[in-house]
Every structure is written in C-alpha cells, then in structure tokens.
Amino acid sequence: MSSEKTPTPAASNFIRAIIEKDLAQNKFVSRKWAGKPGDASEHAKGEADPAKIRTRFPPEPNGYLHIGHAKSICLNFGLARDYNGICHLRFDDTNPEKESQEYVDSITDMVQWLGFNWQNGNEKNLYFASNYFDYMYHAAEMLIQQGLAYVDEQTPDEMRANRGSLTEPGKDSPYRNRGIEENLTMFREMRDGKHSDGSMVLRAKIDMASPNINMRDPAIYRVRRAHHHNTGDKWCIYPMYTFAHPIEDALEQITHSICTLEFEDQRPFYDWLLERLAEAGLLAHPLPKQYEFARLNLTYVVLSKRKLIQLVEEKHVSGWDDPRLPTLAGARRRGYTPEGFKLFTDRIGVSKADSWIEYTILEDCMREVLNLQAERRIAVLDPIKLVIDNYPEAQSEDCFAPNHPLKPELGKRVVPLTRELWIEREDFMEVPSKGYFRLFPDNMVRLRYGYVVKCTGCEKDAQGNVTVVHCDYLPDTKSGTPGSDSVKVKGNIHWVSAQHAYECEVRLYDRLFKEAHAGEGDRDFLEDINPNSVTLIAAQLEPSLKDAKAEDSFQFERHGYFVADRKDSVMGKPVFNRTVTLKDAWQK
RNA sequence: UGGGGAGUCGCCAAGUUGGUUAAGGCACUGGGUUUUGAUCCCAGCAUCCGAAGGUUCGAGUCCUUCCUCCUCAGCCA
C-alpha cells in the first residue's frame, strides 16, 4: 500500500496557471518599484520590485464587506502570499457621493480580521484611488492632447440615445470633433468649476460603432460638486471607474488585476487606455492585465448590496452585524472564523463558470476548523430534570471532562455531579422509537463522564407532558474508574448538575432564508425569509462557562459550536450564539 | 437579433502542446474505531465530459453546426 500522503496543494486554477506561466517567462523581471505608487518616470528611478507579483483588493468604501468579498480577499492575498508577491488594499473611492470613512474603517477591520496584512517593510500598501486624482487628471489631458478625448455637452438622455443599442451602432456626438485646444480649455474649465454639475463630461474618443458598447466613447470624467471623504472639496470633477481603475493598477505596478466576470467587457478599454498612456510616456510596460473570475453565489443566502440594505433598513435583521447576515461583521458575531473562510475559499476554487455553492460547504468548513480549535463544554439547551433516586441528596462529587478529545494536553476540568441534573428533553422517550438508544424505561445509558444509570420512569403533568425523569445509578461504573467498563451501554448523554448550572441565554441561529434561491423567478426575496431563523432559549450550562470571554468559541458536546457573543456578553455573564450544529446522522 | 463569457458525477472543480483505466473536495452509500448517533479511518461512487456530426491509429482536449445559461446600452463600481 502506498500511503504517501502529501499535503494537498492549493487547488490549481486558471489564475494560478496564468501567473505561473508569466513567472516562467520572466515577464515581470524588468519591473522597477519606486517604493510607492507612481508613473513610469518615478518607478524608473526605483529598485527592482521585490514583489514577484502584485495583486490588489480594491473595494469601494460604500458598504460592508460580505462573504463574497472574503472570496476575493482570500484569492488576492493568497496569490500574493503563494508567489512571493504583495497584495495591496486599495480603496476605489472615485464616487464621493456614496463613500465614507465609516466604510473605510469597517473594511480595513474586516480584512485584518481575516488575517491579511498589506504591510511590507516600510511600504504600507494601503492606498486610495483618490490620492491619484492628480495623475488621473494629467492622464486625461494627455488623452486630449493625443486627440483621444473630448468634452461632450450632450445631456445624459442624448448620450444614451446616441449610444445605439446592443444591435445597432451609436451615432457620433455633435461635439466629437472639437479641436484639441478647445477640449483642453473646456476640460480645464470643468476642473476649475466653471461648469455646472452634469452639464458636460469628458469622453474617450474611440468608436461609436464598436460592437462592444464600452468602447463607444465611454465617459471618463464627470462634473460633480461633492465633498470627498479623503480629498475634501479640492475637486469638482471625478474620474469614472472605467478610467480610474486601470490607472490605479498601473501606478501601483499591479501585475494581475483580478475582478469579477461582469467586468469582462471593460477589459478592451482597460487595455486601450493603458496602451495609449504608455505611448504617451506616462506608463511603462509591462502593463497590468485584468483577469476575471465568477463571483460567489451561495444557496440560502443573498449577497446583493440592494437586498442586504433592505434587510437591515426594514429591520428583518438587527443590524449589519446580525449573526444571520452574510456580512463579515455578521459572520464574525456568528462565530465563523477566518481560518474557516480560508478553507472555504480553497475548497470552492476559482473559475469562470457561474455556480452556486451549497451553503453546507461553508458550514462544513467552519465545523472542520472549529473541531480542531474549540474546547468542549457541556450545555443543556432544552432542559428537563433527571433525578437519580438512589443517589444521596446532599452529595456532590467531581467528574472529569477532557477539554479537547484530540488534545489531551489541554487537560480536564471538573464538573460536579449531584442527585438532580438537567438533561436534554430529547434524551428521554417514554415510548422509544425504532433505533433510539437513549433514556427510556428500563434502558441504561451513561451519564457522560459519570455513571451508568438505569431509567426507572417519569412524572407527567396534567397535559401528559413529561416533567421529571427518574433513574438509579450503578455505583461501580464511574468514568475513569476500573469498573467503568463493566456495563456496556450504547447511549451516552450529557448533563449538568441543577444545583451548579449557569442559566444563560443562548441564541440558536438557522439559515435566514428557507429557499435555496431566495427570490427566484418573480418571487419577492423577502417572502423566502425563514420565520424561524433565530430561537432564543434559556439553557443550563456547566458552571465553567460563566467565565467565557467574548468571542470564545466552544463545542457544546452533542450540539454544535457556540461563541460568546462579542456584543452582548458581559464579564461573568456571557451569552452564546450557535455558530453551526454538529452533523447528526440520527435525525435524518 | 450585436459583442463578450460559460457549459466535465447531486454541488464545486482539475484536466499540460490530442495519447492509453477522466484528479481532488463536499455530499451520498457501506464497513471499522469511538464514553459526542460528532470526529477519525477504510471502501464504493462519471465507459463518460451540453447535443449532433467530422478529422485522427487515438479527442473532454482539434473542426463544423446546434442548444442552454450568464453578461453589457449609469455623467455607479
């Protein structure tokens, strides 16, 4: 048997293939790096770039990060890590009306939480597109001087009308053949605030008949008097994404600019612009290249910004960090871990095929990580009394529970056993169903880490509900003693001494939507909300859990993984969120 | 109906310049271990690569036609 188990390498994908080929061809060896972003002349003065490749994660600071962003973050930072490169965190803040410092801060926090670092020696590699506005303005003038951009005074409606359709070519703007000097003058006037918002735009001059609508003279600068979170009121014209993004990449010497599929159509303009600016001497080869991958779709989850905003604003959830939300802030509160997200990203791969990832894949990743990380504790979530009738009333004895079955070095803790215990309601059935091997009259089970007990019956209230279960214990069967194996039992249930238990609020979260594809067809996605996505319970926990600190994760044995809520936990009085259940082959 | 993409096992996803038995993961099904019906371990799981033709000694990989899905007409990103 050849049992050579090599650690599974990170799955190969088309982006890695491209990078490996580029590297093999020494495509980037001539690159210089000025130590900070800059144009060709500035980088030419620098040293050879210590980074073999440069990637970037370029969010617009206009909202909160979600699981889809985690895929992109892990991808870009992961690639940089694996190929001796560097990944920049860059805020793509070219539209001041939608952006704010609050989002900058929360995005920075979440990328850090995921465990990524953009610092490299003295290089911070934390950048803002808005810091390149001077370069961009300069690039725009260069385009005008090459006769490749013009100021268009058509109204937005006229522009739309003249853009043509998917099947018909567009028509040239009446302003398209303005002279270079006039364009330059007018563009400067735009910059100097001589023209009103929306009265004109600067457009690249390419081809109004191009089958690719993005090449039909795209707008590259608009007039907008808006306060910018970073540049204040310095500018009243702002570059469009189409124009700004390639320049940002080039200034930062990005080698592989990775984005999602919907930008495929923009790639021809991306290349066109960079080539023109290289011809004009502003940039040097090799120029950045854009590559596109399929964005994440997760079953039972919505990731669209519009829908997430609606869920929050209409208060279907408690806020942006509601543990049921797919935001990273929510996932963090839920107890999802950075390691889990990295595993998830590796597991789902990267490709150009539209796909839907099953939500359980994410859950499995979290389970896998938590299984190794989380210490075990005992919690009774749906308590019912168990009385050991032959156990002395005043007695209490110590039982020893290992903190982690896979890590004996983490030791054991004491759990007190007394005559009256809390056990799970579902661990007793007066009339057992087929295959049930827990507590039922005359059946024996082990009280985990304690004694084997024999069920003797139960008490019921007027409605017939079981209120107390009775049993007798077998004195020689205590776990850890020589006689513990003298009686073999199949069932093994957890318990907490009623006298010692910590009663605590526990939130049991379930998926936010009851349909795999929320809002599919013409259904309103809100109709698919799972009405039982959260259940608040009063649980009975083992005493040591009282000392849990915010964000501590545990496995509550036989239940799942739980985390002390980072917002609502108080020292000495934590509350818990269920992160994910354990797999359960019995309930199927 | 124009342009740009994508279609490999229930869900993802590898498949080098065509070369012999189509990786891997998740799920699933058996079996084993186990004081968590968890974990862990072992085994099984696509004669077939959207469809149909064609080229070839040989095709998921090349050619032709067709089908399905995604995407693009913001002075958003």
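Order of the sequence lines fixes the chain letters, A, B, ..., with proteins taken first and strands second; residue numbering starts at 1 for each chain. Values below: all heavy atoms of this structure, side chains included; hydrogens, waters and symmetry mates excluded.
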Using a cut-off of strictly less than 4.0 Å, decide whether [X] has a side-chain nitrogen or oxygen near OP1 or OP2 of [N].
X	N	value
A:R295	B:rC70	no
A:R558	B:rU35	no
A:K583	B:rA27	yes
A:R376	B:rU36	no
A:K490	B:rG37	no
A:S165	B:rA73	no
A:S484	B:rU35	no

Just name whichever nucleotide pairs with [N], Watson-Crick or G-U, keeping both distances under 3.5 Å, else none.
N	answer
B:rA23	none
B:rU39	none
B:rG58	none
B:rA77	none
B:rU1	none

Glycosidic conformation of B:rG74, syn or anti, with 90° from 0 as the boundary?
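Syn.
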How would you label the contact of [X] with the nucleic acid (heavy atoms, under 4.0 Å): base, sugar-phosphate, or nothing?
X	answer
A:Q555	base
A:N95	sugar-phosphate
A:G435	base
A:E358	base
A:P405	base

Which listed nucleotide ([options]) is nearest to the side chain of [X]?
X	options	value
A:R448	B:rA38, B:rC11, B:rU35	B:rU35
A:I361	B:rC26, B:rC12, B:rG4	B:rC26
A:A219	B:rA38, B:rC75, B:rU35	B:rC75
A:R163	B:rC76, B:rA38, B:rA73	B:rA73

Which whole number of Å gives the distance between the P atom of B:rC75 and that of B:rC11?
39 Å
When you measure from the centre of the six-membered ring of A:Y300, is the NZ or CZ of A:R511 under 6.0 Å away and within 45° of the axis?
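Yes - A:R511 lies over the ring of A:Y300, closer than 6.0 Å to its centre and within 45° of its axis.
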